[in-house]
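Encoded as structure tokens, the structure appears first; notes follow it.
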Amino acid sequence: MTSSFTVHAASGYEQLMGRWSRRLAPKFIDFVGLAGGEKVLDVGCGTGSLTFELAKSGDLTDIEAIDFSPVFVAAAKERNTDPRVTIQQADATALPFADNAFDRALALLVLHFVPEAGKAVAEMRRVTRPGGVVAAVVWDHYGGMTGMRMMIDTVAALSESGRQLRNRYCFQPMMQPGEMKRTFVEQGLVDVTEAELMIRMDYADFDDFWTPIGAGEGPLGKYMTTLDAAERERVEAAVRDAYQAGRPDGPRSFANVAWACRGIVP
């Protein structure tokens, strides 16, 4: 099962999203909860934002992490120094683990990039023991990503292809209110709870914001690679103007909201 997330280099992802994933991970863990002696699965680990935040808990006995991207797997393995952590390439919709193998199966910022997100939730339930927790969190692209919507809405004002990008970006799977909760219930999870988690994305200047996008990272970067040189220059200038908003270039801070959902395996 392919992923709709485009990644060229782990370092580019870190600047685009990894640093913000690390900021979100502790809030997600607080929402999910942990208990001593547990075995936890991180589905779609990326460069390890959730994996290594979990590893800060000395009470966990085993942390398994998988990702579809070999680029991410290699980067996470290179960072790992904890013997409790195992990282491998695998498909979220066909997890290579036995039934009831984990106490908790977690997914940080991945379900919206899985074409069959419901199947991934079903797999997370399958590998989690009865009474265990399945949980996930995704960005609210439509209503909660102010910095990225700034770019998306700017691009949409420039061209029809930009308007099509906005439609795809804002309505990826699992992002609408209640959507993830309904999916969890449909997959047989009980006591399902949905919540909003918020962080701020703080940029030093426009280049800090733009560099990974201009390099082709992520869905917005992928769009940039489809444009010719003149159109790329036009888009960058327009987004720079939106970022600066008539003030000198420099630090900007954007609020970002994510939907979090957890359920219990009956």
Side-chain angles (χ1 to χ4, degrees), residues 1-14 16-22 24-26 28-29 32 34-129 132-138 173-174 187 189 217-219 262-263 265:
M1 180 64 60
T2 58
S3 167
S4 61
F5 189 88
T6 302
V7 58
H8 299 290
S11 58
Y13 170 80
E14 280 295 303
L16 176 70
M17 192 54 64
R19 51 182 165 167
W20 314 127
S21 300
R22 289 194 297 277
L24 182 63
F28 181 47
I29 291 172
V32 170
L34 294 175
E38 288 189 331
K39 184 175 181 179
V40 180
L41 173 64
D42 179 2
V43 176
C45 64
T47 54
S49 298
L50 178 60
T51 304
F52 300 125
E53 189 65 31
L54 288 167
K56 291 179 182 178
S57 171
D59 294 334
L60 299 180
T61 59
D62 187 24
I63 303 166
E64 297 274 352
I66 68 101
D67 201 278
F68 188 79
S69 166
V71 174
F72 284 155
V73 170
K77 283 185 173 181
E78 185 175 353
R79 288 180 59 194
N80 183 38
T81 59
D82 193 317
R84 298 173 300 159
V85 174
T86 303
I87 304 161
Q88 62 177 302
Q89 184 178 10
D91 186 338
T93 64
L95 294 171
F97 304 106
D99 296 356
N100 308 327
F102 297 94
D103 298 289
R104 298 176 197 264
L106 314 178
L108 177 82
L109 304 178
V110 66
L111 286 188
H112 49 314
F113 294 117
V114 179
E116 293 186 66
K119 191 172 181 181
V121 174
E123 276 290 275
M124 291 170 71
R125 178 196 167 178
R126 178 185 66 79
V127 302
T128 303
R129 64 166 174 81
V133 175
V134 172
V137 61
V138 302
M174 303 291 105
Q187 297 305 329
L189 295 163
E217 296 292 349
R262 67 172 183 262
V265 178

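When the shell of 6.0 Å around CD of Glu78 is examined, it contains 12 or fewer heavy atoms from other residues, nucleotides or ligands.
Atom CD1 of Ile87 is separated from atom SG of Cys45 by 6.0 Å, given to the nearest 0.5 angstrom. The CG atom of Asp42 lies 12.0 Å from the OG1 atom of Thr86; values are rounded to the nearest 0.5 Å. To the nearest 0.5 Å, atom CD of residue Gln187 and atom CZ of residue Arg125 are 8.0 Å apart.
Residues Leu111 and Ala120 share a closest heavy-atom pair of CD2-CB, 3.9 Å. Lys39 approaches Ala101 most closely through the heavy-atom pair CD-O, 3.3 Å. Here the closest non-hydrogen pair linking Thr128 and Asn100 is O-OD1, 3.6 Å. For the pair Phe52 and Thr47, the tightest heavy-atom approach, listed with the atom from each and the gap, is CE1-O, 3.7 Å. Considering all non-hydrogen atoms of both residues, Gly46 and Ala76 come closest at O-CB, 3.9 Å. Between Gln89 and Pro70, the closest heavy-atom pair is NE2-CD, 3.5 Å.
A distance-only check finds a donor-acceptor pair linking the side chain of Arg104 to the backbone of Val32 [under 3.5 Å].
Qualifying side-chain hydrogen bond (donor to acceptor under 3.5 Å, both in side chains) partners for Asp103, counting only residues two or more places apart in sequence or in other chains: Arg129. Scanning for ring-ring contact (aromatic ring centres under 6.0 Å, His included) contacts around Phe28 gives an empty result, with sequence neighbours left out. The side-chain hydrogen bond (donor to acceptor under 3.5 Å, both in side chains) test applied to Arg126 returns Asp99, Glu123, not counting sequence neighbours. Not counting sequence neighbours, Arg79 has no partner by the side-chain hydrogen bond (donor to acceptor under 3.5 Å, both in side chains) test. Residues that satisfy the side-chain hydrogen bond (donor to acceptor under 3.5 Å, both in side chains) test with Lys77, not counting sequence neighbours, are absent from this structure. Pro26 is linked by a side-chain contact (heavy atoms from CB on, under 4.5 Å) to Glu53, counting only residues two or more places apart in sequence or in another chain.
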### Message
Leu41 vs Val127, test: side chain to side chain contact (heavy atoms under 4.5 Å, CB included). Steps then yes/no.
### Response
CA-CA 9 Å; Leu41 173 64; Val127 302; 3.8 Å; yes
### Task
Report the C-alpha separation of Val121 and Leu189 in whole Å, then their side-chain angles, then the decisive distance to 0.1 Å, and conclude whether the side chain to side chain contact (heavy atoms under 4.5 Å, CB included) test is met.
CA-CA 9 Å; Val121 174; Leu189 295 163; 4.1 Å; yes
### Message
If you apply the rule side chain to side chain contact (heavy atoms under 4.5 Å, CB included), what do you find for Leu50 with Ser21, and how did you get there?
### Response
CA-CA 8 Å; Leu50 178 60; Ser21 300; over 6 Å; no
### Task
Carefully, step by step, assess Leu34 and Leu54 under the rule side chain to side chain contact (heavy atoms under 4.5 Å, CB included).
CA-CA 9 Å; Leu34 294 175; Leu54 288 167; 4.0 Å; yes
Can you give the donor-acceptor pairs under 3.5 Å from side chains of residues 58-66 to other protein atoms, not counting sequence neighbours?
unit_1, atom_1, unit_2, atom_2, d
Thr61, OG1, Gly37, O, 3.4
Thr61, OG1, Glu38, O, 3.2

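The closest side-chain donor-acceptor pair between Asp91 and Thr93 falls under 3.5 angstrom.
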